[in-house]
Amino acid sequence: MTAIGLALFAQGKPEDARSTLAVGVIVGAVSGATVIYQVERWSLTKQSLVHFVLMAVTVLPALLLSGWFPLDSVGGYLAVVGIFLAVGALLWGVMYLIFTRLVSKQRA
């Protein structure tokens, strides 16, 4: 994604380049952070907190720099943070339900 983003910058397409780089950062951060949930000696609370911090320092800045949202006011920034929190909570909840059901099926 970085190479594609740089190529788009070189072609004079900065909006597309920023978007592509943001997607690369988001995909890399989310996929890389999945290993946190494999640390069995950590509680789910600790795993979730570490995951949230990693997302806050990678995905949130990528969203803010992506150009996808109007950031011409404080409300724009608050909207991005709200979307980040809402989507994160929704995805965490869905994954929690899926994996708790998978674990209960494996034990049965």
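Below, all heavy atoms of this structure are taken into account, side chains as well, without hydrogens, waters or symmetry copies.
- Under the 4.5 angstrom side-chain criterion for Ile, Leu, Val, Met, Phe, Trp and Tyr, the cluster partners of Val74 are Leu78.
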If you look only at distance, which donor and acceptor atoms sit under 3.5 Å apart when one is on a side chain in residues 60-69 and the other is two or more places apart or in another chain?
from: Ser66; atom 1: OG; to: Leu63; atom 2: O; distance (Å): 2.8
from: Ser66; atom 1: OG; to: Trp68; atom 2: N; distance (Å): 3.1
from: Trp68; atom 1: NE1; to: Ser19; atom 2: OG; distance (Å): 2.8

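- One distance of note links CH2 of Trp42 with NE2 of His51; it measures 11.5 Å at 0.5 Å rounding.
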Side-chain donor-acceptor pairs of residues 3-15 under 3.5 Å, sequence neighbours excluded:
none

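- Tracing side-chain contacts under 4.5 Å through hydrophobic residues (I, L, V, M, F, W, Y), one never reaches Val81 starting from Val25; they form parts of separate clusters.
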Identify every side-chain donor-acceptor pair in residues 28-39 under 3.5 Å, counting partners at least two apart or on other chains, and give the distances.
from: Ser31; atom 1: OG; to: Val27; atom 2: O; distance (Å): 2.7
from: Ser31; atom 1: OG; to: Gly28; atom 2: O; distance (Å): 3.3
from: Thr34; atom 1: OG1; to: Ser31; atom 2: O; distance (Å): 2.8

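- Phe52 is linked by a ring pair (Phe, Tyr, Trp, His ring centres under 6.0 Å) to nothing, counting only residues two or more places apart in sequence or in another chain.
- Here Val57 is tied to no hydrophobic group at all, with no ILVMFWY side chain closer than 4.5 Å.
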Assess whether side-chain contact (heavy atoms from CB on, under 4.5 Å) is satisfied between Val50 and Gln47, documenting all intermediate values.
CA-CA 5 Å; Val50 170; Gln47 292 170 335; over 6 Å; no
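- Sorted by first and then second residue, the side chain to side chain donor-acceptor pair (under 3.5 Å) pairs involving residues 71-88 (not counting sequence neighbours) form an empty list.
- For Ile98, the side chain to side chain contact (heavy atoms under 4.5 Å, CB included) partners at least two apart in sequence or on another chain are Val94, Met95, Leu102.
- Applying the side chain to side chain donor-acceptor pair (under 3.5 Å) test to pairs two or more places apart or on separate chains, those with a residue in residues 84-94 are Ser48-Trp92.
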